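Just so it is clear, the structure is predicted and the values come from calculations on it, not from any experiment. Along the sequence shown, residues carry numbers from 1. Basis for what follows: all heavy atoms, side chains included, without hydrogens, waters or symmetry-related copies.
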Amino acid sequence: MVRTDHPALPAEPPEAWAFGATPEHADGLLALVLAGTKVATASSVWDYEDEDEPLPAVGDLSIILDGEGRPRAVLEVTVIDIVPFDQVTAEHARDEGEDDRTLAAWRRIHEKFWTEHSPRGFAPDMPVVCERFRVLAAPSADRG
């Protein structure tokens with residue numbers, strides 16, 4: 001059990017969620033996290049506002065689920081920057097680990113994602129939460 005290996009984890013489990021919008025996307029992005037390639041993510045401030053959810057903060061913990069809803073990792077937020085979409089940096093794009101890790105690919109992928117999956121859609125100046133994280137725990141599939 002993760003708590004045995006990491007007794008400093010809070011008694012109440014943190015929020016659990018999966019990357020992306022489909023089980024396949026969740027599994028693909030999770031694989032990048034577990035490989036150490038993906039150490040950052042981005043989300044729309046508008047989505048947090050629409051769902052009346054607080055923005056992520058440094059120190060927040062999350063349980064990351066795979067495409068079947070199984071817990072696979074515990075992440076801790078280490079850095080938060082909120083910037084307009086068109087000011088996201090090449091460094092952040094590389095740290096997200098997707099596609100060829102360029103800013104051009106990051107922009108293409110995220111514009112498409114927010115256009116298709118966000119209630120308010122996409123705008124070049126939309127506020128984006130750029131989040132860096134570290135993996136605190138990633139139990140193996142057979143350990144659960």
Side-chain angles (χ1 to χ4, degrees), residues 1-99 101-103 105-107 109-141 143-144:
M1 175 163 218
V2 172
R3 189 163 314 286
T4 303
D5 294 338
H6 301 277
L9 290 173
E12 285 297 312
E15 179 182 2
W17 54 274
F19 287 104
T22 67
E24 296 77 22
H25 201 205
D27 286 341
L29 295 175
L30 174 63
L32 292 173
V33 168
L34 296 177
T37 304
K38 181 175 184 61
V39 295
T41 193
S43 49
S44 166
V45 169
W46 295 342
D47 290 349
Y48 287 100
E49 292 171 351
D50 288 349
E51 296 170 11
D52 199 27
E53 292 286 333
L55 293 173
V58 171
D60 283 355
L61 301 179
S62 297
I63 297 170
I64 303 304
L65 307 174
D66 65 16
E68 294 183 12
R70 295 178 301 214
R72 294 294 310 277
V74 177
L75 304 184
E76 178 183 27
V77 176
T78 59
V79 176
I80 294 285
D81 289 307
I82 299 175
V83 299
F85 176 88
D86 57 9
Q87 292 179 29
V88 171
T89 66
E91 177 185 15
H92 181 83
R94 184 189 66 247
D95 289 346
E96 283 212 33
E98 297 176 53
D99 197 18
R101 301 178 76 178
T102 64
L103 182 57
W106 183 92
R107 286 181 173 160
I109 290 165
H110 287 78
E111 178 177 347
K112 181 179 188 313
F113 180 83
W114 286 318
T115 297
E116 293 175 358
H117 300 287
S118 289
R120 288 198 227 177
F122 166 80
D125 62 347
M126 65 186 281
V128 174
V129 180
C130 295
E131 184 177 336
R132 284 190 55 88
F133 55 79
R134 66 185 182 115
V135 176
L136 287 184
S140 65
R143 281 182 47 195

ask   = For the residue pair Phe122 and Phe85, is the inter-centroid distance of their aromatic rings smaller than 6.0 Å?
value =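 Yes, close enough.
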
Do you know which two heavy atoms are closest between [X] and [Y], and how far apart they sit?
{"X": "Ala105", "Y": "Asp99", "result": "CB-OD2, 3.3 Å"}
{"X": "Trp46", "Y": "Ala123", "result": "CH2-CB, 3.7 Å"}
{"X": "Leu103", "Y": "Thr89", "result": "CD1-O, 3.8 Å"}
{"X": "Glu76", "Y": "Leu61", "result": "CB-CD2, 3.6 Å"}
{"X": "Pro127", "Y": "Ile82", "result": "CB-CG2, 4.3 Å"}

Measure the [atom1]-[atom2] distance between [X] and [Y] for me, rounded to the nearest 0.5 Å.
{"X": "Thr102", "Y": "Ile109", "atom1": "OG1", "atom2": "CD1", "value": "8.0 Å"}
{"X": "Ser43", "Y": "Glu53", "atom1": "OG", "atom2": "CD", "value": "11.5 Å"}
{"X": "Lys38", "Y": "Leu29", "atom1": "NZ", "atom2": "CG", "value": "5.0 Å"}
{"X": "Leu65", "Y": "Glu15", "atom1": "CG", "atom2": "CD", "value": "9.5 Å"}
{"X": "Glu98", "Y": "Thr37", "atom1": "CD", "atom2": "OG1", "value": "11.0 Å"}
{"X": "Gln87", "Y": "Asp125", "atom1": "CD", "atom2": "CG", "value": "9.5 Å"}

task = Evaluate the ring planes of Phe19 and Phe133, with Trp represented by its six-membered ring, and classify them as parallel (under 30°), tilted (30 to 60°) or perpendicular (over 60°).
result =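 Aromatic pair Phe19/Phe133 classed tilted.
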
message = Set out, in order, the CA-CA distance, both residues' side-chain angles and the distance that settles side-chain contact (heavy atoms from CB on, under 4.5 Å) for His92 and Trp106, then state yes or no.
response = CA-CA 9 Å; His92 181 83; Trp106 183 92; 4.1 Å; yes

query = Below 4.0 angstrom, N of the basic side chain to O of the carboxylate: do Glu96 and Arg101 qualify?
reply =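 Looking at Arg101 together with Glu96, the answer is no, because their closest N to O distance does not fall below 4.0 Å.
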
Side chains of [X] and [Y] in contact at under 4.5 Å (non-hydrogen atoms):
{"X": "Arg132", "Y": "Val39", "result": "yes"}
{"X": "Val33", "Y": "Ile64", "result": "no"}
{"X": "Leu34", "Y": "Arg72", "result": "yes"}
{"X": "Val129", "Y": "Pro56", "result": "yes"}
{"X": "Met126", "Y": "Pro84", "result": "no"}
{"X": "Val88", "Y": "Cys130", "result": "yes"}
{"X": "Leu75", "Y": "Arg134", "result": "no"}

query = Do you see a donor-acceptor pair shorter than 3.5 Å between the side chains of Trp114 and His110?
reply =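 No, His110 and Trp114 have no side-chain donor paired with an acceptor closer than 3.5 Å.
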
request  = Classify the side-chain pair Ser62/Trp17 by whether it contains a donor and acceptor separated by less than 3.5 Å.
outcome  =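 A pair is found: one side chain offers a donor N or O, the other an acceptor, under 3.5 Å apart.
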
query = Does Arg120 use its side chain to pair, donor to acceptor, with the backbone of Asp47 at less than 3.5 Å?
reply =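 Such a contact is absent between Arg120 side chain and Asp47 backbone.
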
